[in-house]
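Contents: one structure, followed by commentary.
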Amino acid sequence: MSKSINKLAYRPVGLVLGMAAGALAGAIFHQVWKIAAGHDEVPSAIDEERGWGEILAAAALQGAIFSAVRAAVDRGGATGVRRLTGHWPS
């Protein structure tokens with residue numbers, strides 16, 4: 001299979017995996033935030049009652065979790081495609 005066809009064939013798989021990764025990362029972040037902050041509500045950047053430190057800590061934690069989950073899901077998806085097709089998605 002040529003690289004362009006392989007890449008095109010992987011695109012729908014990548015989209016579905018990306019949506020799943022976003023949902024999974026959101027769920028993980030909310031659970032981690034509950035433990036770290038001691039309450040259920042995640043701060044909004046425009047929440048007047050929350051300080052800069054809490055807002056930025058939440059954003060940094062959310063970004064780190066999202067990036068790690070997305071990388072793990074993308075890598076797992078690519079590995080699965082290689083197992084099924086014999087080719088690594090480009």
Side-chain angles (χ1 to χ4, degrees):
M1 188 182 295
S2 75
K3 283 188 176 189
S4 61
I5 293 172
N6 192 20
K7 185 176 183 178
L8 185 62
Y10 182 71
R11 188 168 291 163
V13 174
L15 287 172
V16 170
L17 290 175
M19 288 187 294
L24 179 61
I28 291 170
F29 169 67
H30 279 89
Q31 292 302 314
V32 170
W33 186 256
K34 280 185 199 180
I35 294 166
H39 50 84
D40 292 345
E41 190 177 326
V42 175
S44 166
I46 59 171
D47 186 347
E48 189 175 21
E49 303 298 317
R50 306 289 181 98
W52 278 92
E54 187 177 12
I55 299 294
L56 295 179
L61 180 62
Q62 185 176 30
I65 289 171
F66 180 81
S67 294
V69 170
R70 179 66 193 250
V73 169
D74 284 348
R75 185 64 180 201
T79 301
V81 166
R82 182 178 60 193
R83 287 183 184 152
L84 289 173
T85 67
H87 298 281
W88 190 263
S90 303

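Heavy atoms only: backbone and side chains are in, while hydrogens, waters and symmetry mates are out.
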If a pair satisfies salt bridge (charged side-chain N to carboxylate O under 4.0 Å, His left out) and one of its residues is in residues 14-26, list it, with sequence neighbours excluded. none
Should L24 and F66 be regarded as members of a common hydrophobic cluster, given that ILVMFWY residues are connected when their side-chain heavy atoms come within less than 4.5 Å of each other, either directly or indirectly? no
Would V73 end up clustered with V32 when hydrophobic side chains under 4.5 Å apart are linked, directly or stepwise? yes
Single-linkage hydrophobic cluster L61~I55, side-chain heavy atoms < 4.5 angstrom: no
Residues A21 and V69: closest non-hydrogen pair is O-CG1, 3.6 Å
What side chain to side chain donor-acceptor pair (under 3.5 Å) pairs are there with at least one residue in residues 58-71, not counting sequence neighbours? R70-D74
Which atom of P89 lies closest to which atom of V81, heavy atoms considered: CD-CG1, 4.1 Å
One should read off an interatomic distance between R50 CZ and E41 CD, to the nearest 0.5 angstrom, of 5.0 Å
I46 atom CD1: more than 12 heavy-atom contacts under 6.0 Å: no
Would you mind reporting whether W33 and D40 have side-chain heavy atoms less than 4.5 Å apart? no
